[in-house]
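Before any comments, here is the structure.
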Amino acid sequence: MSDNRPIGVFDSGIGGITVLKALRAALPHEDLVYLGDTARLPYGTKSPETVTAYATQATKHLMEHGVKMIVIACNTASAVAIGPLTEALKPLPVIGVIEPGAKAGVGATRSGHIGVIATEATVKGGAYARAIHALKPDAFVSQAPCGLFVTLAEEGWVSGDVAEAAAKRYLAPLFRGKNAPDTLVLGCTHFPVLARTIKKVVGKDVKLVDSAATTAKAVQAALADRGLGAKRRGKGKTRFLATDSTERFARVGGIFFGEIIRAKDVELVDIRPS
Ligand code: DGL
């Protein structure tokens, strides 16, 4: 069996491009449609109801592109909306990034003390702690919200004085003392671009993990299980949609993607209900 329809991927902005990049590498023959809800970023400071409404509108829009699967490339939306989205879109597979991120954290820790940094909404909902404990009941989880990292990433300020000062302010309390975490889960898809700055603060012995590679694996497995993999010889296409600021999306998104994204290749879409 095969299925050449695209895979729909969405985030509040360009952060999810860190997941898109891993998907592109793992699934070269698949067509991918990425939607960044740049008009309404950030999601991480909003209520679960608002994030669920936005995520529902994003997936509805992706459905119009005839997608065969949805990847929620946003921890905040995964944390609060994966249940309602999975239910509403059945039997379409919906893959979030929390379980893959938890799996990466559990796989990396030796001491069993796992740090999680994420948006305020993700931390508040406790989805990471639940996902980690489901895999490793004796794990000790320390969490810290780091909302400003989203803004820094969107601004492209991923290193230098400002990024380092923010990293110190957020992370120093978590890594003070002897019993600090040995693993840090970057529980927001915007954070991997700040990895070098974060590492400077937490030290080289702390393992940084994120959900990009493990999510790509989960998507690969879901495609294989359901016989939904594309059958084509050439490379799959990557299509970009944004709800605002397409030029900015292209400019900063290209850094996340590791490839030039041309502004004229980013389509402006309105996903608000009419
Ligand atoms: N990139 C998103 C996440 O993984 C959210 C960033 C935001 O919009 O606050 O949580």
Side-chain angles (χ1 to χ4, degrees), residues 9-23 34-59 70-82 85 94-105 115-131 143-158 163 166 170 184-195 198 208-216 218 240-245 248-249 252-253 255-257 271:
V9 184
F10 79 93
D11 178 41
S12 58
I14 53 178
I17 295 179
T18 54
V19 176
L20 186 78
K21 190 177 172 189
L23 290 172
Y34 181 90
L35 169 63
D37 192 6
T38 42
R40 301 187 294 194
L41 174 114
Y43 282 6
T45 51
K46 304 205 164 71
S47 68
E49 293 73 22
T50 298
V51 175
T52 303
Y54 289 175
T56 304
Q57 290 158 21
T59 49
I70 293 284
V71 179
I72 313 176
C74 173
N75 289 266
T76 310
S78 300
V80 303
I82 194 161
L85 289 180
V94 178
I95 311 266
V97 285
I98 301 272
E99 277 179 24
K103 202 170 170 186
V116 177
I117 53 170
T119 65
E120 198 183 311
T122 303
V123 168
K124 257 194 200 155
Y128 258 107
R130 280 195 297 280
Q143 303 194 75
C146 300
L148 196 55
F149 283 173
V150 176
T151 314
L152 289 167
E154 290 277 334
E155 193 64 29
W157 289 14
V158 297
Y170 281 135
L184 183 64
V185 179
L186 308 182
C188 171
T189 55
H190 279 76
F191 296 178
V193 291
L194 286 142
I198 292 170
L208 299 193
V209 296
D210 66 65
S211 45
T214 37
T215 300
F240 293 100
L241 317 171
T243 54
D244 203 358
S245 314
R248 176 168 228 289
F249 178 102
V252 188
I255 303 171
F256 282 57
F257 199 40
I271 66 172

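Whatever order the structure lists ligands and atoms in, that order sets their numbers, starting from 1.
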* Passes salt bridge (charged side-chain N to carboxylate O under 4.0 Å, His left out), Glu99 versus Lys103? Steps please. -> CA-CA 6 Å; Glu99 277 179 24; Lys103 202 170 170 186; over 6 Å; no
Output yes when a side-chain donor or acceptor of [X] lies under 3.5 Å from a complementary backbone atom of [Y], and no otherwise.
{"X": "Thr38", "Y": "Ala242", "result": "no"}
{"X": "Thr214", "Y": "Ala104", "result": "no"}
{"X": "Tyr170", "Y": "Leu148", "result": "yes"}
{"X": "Arg40", "Y": "Val51", "result": "no"}

Discussion item. Over 60° means perpendicular and under 30° means parallel, so tell me whether Phe249 and Tyr34 are parallel, tilted or perpendicular.
Written reply: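 Phe249 vs Tyr34 ring planes: tilted.
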* Considering only heavy atoms, which protein residues lie less than 4.0 Å from any atom of ligand 1? ->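 Close residues (ligand 1, cut-off 4.0 Å): Asp11, Ser12, Leu41, Pro42, Tyr43, Gly44, Cys74, Asn75, Thr76, Thr119, Val150, Cys188, Thr189, His190.
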